[in-house]
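If you're wondering where the values come from, they're calculated on a predicted model, not measured in any experiment. In each ligand, atom 1 is the first atom listed, and ligand 1 is the first ligand listed.
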Amino acid sequence: MARDTFTKAECLYDRYVRKTKVEPDQVSTHYCPGCGHGNVHKFVAETIDEMGLQDRTIFISPVGCSVFGYYYFHLSNVQAAHGRAPAVATALKRAHPNSIVISYQGDGDLAGIGGNEMLHAANRGEPVTMIFINNAIYGMTGGQMAPTTLLGMKTATTPAGRTARNEGGPIRVVELLSKLDGPVYLERVALTDAKQIYRARAAVRKAIQNQVENRGFSLVEILAPCPTGWKMDPVDARHWIEETMMQVFPLGVTCDRTKEIAPSEAKPVPFVHTDLRALLDIEDESEGFAPNRTHSEGVERGVRLKVAGFGGQGILLLGQGLAECGMGDGYEVSWLPSYGPEMRGGTAHCHVRISERPIGSPLVAESDVLIAMNRPSLERFLPDLVPGGTVLYDSSLIPDGVARSDVRAVAIPATQIANELGSPRTANMVMAGAFARATELFTVDHLKASLPRFVKAKATLAVNETAIDRGAAHMEKLLETVMT
Ligand SMILES: Cc1ncc(C[n+]2csc(CCOP(=O)(O)OP(=O)(O)O)c2C)c(N)n1
Ligand code: SF4
């Protein structure tokens, strides 16, 4: 007897292991009952299985309810910043032309904050697949108006209903993009009844197939229910799409040039290597201390550093200075400042990486070294320091030390030394000197030579140099004590 067996697609995880400690191991998704995202995840996953693309596919999840795509898809996953998925997709596809890049976005993400990104990726005809979930609302944040919200529709931000005069009319994405030369395939489908769901599945399949055959940019807009945001039950939500949404967003293909373009092999986009400094006519500031590093043999040198303190202590400058100096010394470096309420008196911090190898991410989740310039910063970032790591802390402001016995705690009275120099703001450079001496990633002389690259007030160069020397000397003394 013939029997159909329905199984979960291979490229969806068996169990959805989440970060949360409350429900770490789940068989259900986080989506609300009746939500359209689940359907579409299934189409994408089944198509990838059918076409044998699991090892080649990179799924880009957006900011929105589908942000957790990586909990479900057993693929390469990248989670993009709000609206930036088309730019991320562009970069990934250009860097890995043989990969299958799927940008999956909601209407707030794709047509709102990321409207420009979407438009230009389509206009450039990037050969990627974009799946656009149009549920006429910002689902994740509680139902605010989206660019696709219908006129008259009441949302959290249009309590009296959207009006053309105040908010403009709903943006019809596939019609808009059809006026461009870039796209090869644009279609709007809907998750209403079985027939339309089947069509939606076929459209997703075609958009992915186009990429496999390297035909060009494809986007499928899917009218999807958001029962929670619409305050409807799942059945009414599907009817509402049919009766109301489809009047404004008619289903159908708005562009199909697929047949005009022969299948081909994806080729890398030629990348022109240019001497940017020469091109931009930038003075070579590194003159005087040209990179002098040869990569060390055996042990790889480098550091994942967090620098933290309060606004006004020159925390970001300290991190930037160490990164600048590392760069001048031939290291790969990154500096990631954290801006925010910290600027107004709370904690300020930055992430710095200095490495002999290319740096994958500027984020420092776990640090090897922490420079803590006040107590709140120490408390906040000490847990991220790896066992055996080093914390340099300003003992003038943190007199009671460090409450961890598995790390090396080094007390540097940075503020006191800076005060002795008559320049309290140089406490950061005292720390920089101590850091240079402690890590020996670069010499103290080199650090001083690089000062003009990041200290703008030239009149303060001399006192900053002295502060570096004092920090290094203090560290030297501590090291001597340990050795003897
Ligand atoms: C830069 C930035 N701005 C705003 C937000 C808040 N935010 C999170 S999700 C979201 C809207 C998502 O709506 P949509 O793209 O329609 O996806 P849905 O949740 O409906 O699937 C917003 C505005 C954010 N996280 N980041
Ligand atoms: S809020 Fe809407 S889009 Fe988000 S999970 Fe719930 S039903 Fe889906």
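For the pair W240 (side chain) and M232 (backbone), a donor-acceptor distance under 3.5 Å is absent. Distance alone, capped at 3.5 Å, places no donor-acceptor pair between the Q313 side chain and the N428 backbone.
Note on C226: counted as a metal contact of atom 2 (Fe) of ligand 2, an N/O/S atom lying under 2.8 Å.
For Q320 and E324, the side-chain atoms include no donor-acceptor pair closer than 3.5 Å. Using modelled atom types, one finds a donor on one side chain and an acceptor on the other under 3.5 Å when comparing R124 with T90.
Summarising the local packing, CG of D181 is surrounded by 12 or fewer heavy atoms from other residues, nucleotides or ligands at distances under 6.0 Å.
Heavy-atom contacts of M140 reach the following atoms of ligand 1: 8 (C), 9 (S), 19 (O) (cutoff under 4.0 Å). Using a 4.0 Å cut-off to heavy atoms of G64, the atoms of ligand 1 that qualify are 9 (S), 12 (C), 17 (O), 19 (O). Within ligand 2, the atoms closer than 4.0 Å to a non-hydrogen atom of Y31 are 5 (S), numbered from 1 in the order shown.
With rounding to the nearest 0.5 angstrom, the CG atom of L251 is 5.5 Å from the CD atom of Q196. From N134, atom CG reaches atom SG of C226 across 11.0 Å, with rounding to the nearest 0.5 Å.
Here H82 has side-chain heavy atoms under 4.0 Å from ligand 1, and that is the only part of it that gets that close. Of all the heavy atoms of N135, the ones lying under 4.0 Å from any atom of ligand 2 belong exclusively to the side chain. Contacts between I137 and ligand 1, counted as non-hydrogen atom pairs separated by less than 4.0 Å, involve the backbone only.
Listed here is the closest heavy atom pair of A266 and P97: CB-O, 3.1 Å.
Heavy atoms of Q105 stay at 4.0 angstrom or farther from ligand 1. Not a single heavy atom of I133 sits closer than 4.0 Å to an atom of ligand 1.
For atom 18 (P) of ligand 1, the nearest non-hydrogen atom from the set G143, G108, A224, C65 comes from C65. Taking only non-hydrogen atoms, the option from N134, T149, T141, T228 nearest to atom 7 (N) of ligand 1 is T141. Among C35, P33, C32, the residue whose heavy atom sits closest to atom 8 (Fe) of ligand 2 is C35.
By the 4.0 Å N-to-carboxylate-O rule, K206 lies close enough to D256 to be salt-bridged with it.
Nearest protein heavy-atom contact of atom 4 (Fe) of ligand 2 is C65 SG, 2.3 Å. Atom 21 (O) of ligand 1 has as its closest protein heavy atom H37 NE2, 2.9 Å. Looking only at protein heavy atoms, the nearest one to atom 16 (O) of ligand 1 is D107 OD1, 2.4 Å. For atom 25 (N) of ligand 1, the closest heavy atom belonging to the protein is V63 CG1, 3.4 Å. Remark: minimum distance from atom 20 (O) of ligand 1 to any protein heavy atom is reached at G139 N, 2.8 Å. Distance from atom 15 (O) of ligand 1 to its nearest protein heavy atom, with residue and atom name: D109 N, 2.7 Å.
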Show the numbers, then the answer: is there a side chain to side chain contact (heavy atoms under 4.5 Å, CB included) between V173 and F249? CA-CA 9 Å; V173 168; F249 297 109; over 6 Å; no
Checking side chain to side chain contact (heavy atoms under 4.5 Å, CB included) for the pair T258/N210: CA distance, chi angles, key distance, verdict? CA-CA 7 Å; T258 312; N210 281 347; 3.2 Å; yes
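Relative orientation of the H41 and F73 rings is tilted, given thresholds of 30° and 60° on the angle between their planes.
For ligand 1, the polar-atom distance check finds no N/O of Y138 at less than 3.5 Å from any of the ligand's N/O atoms.
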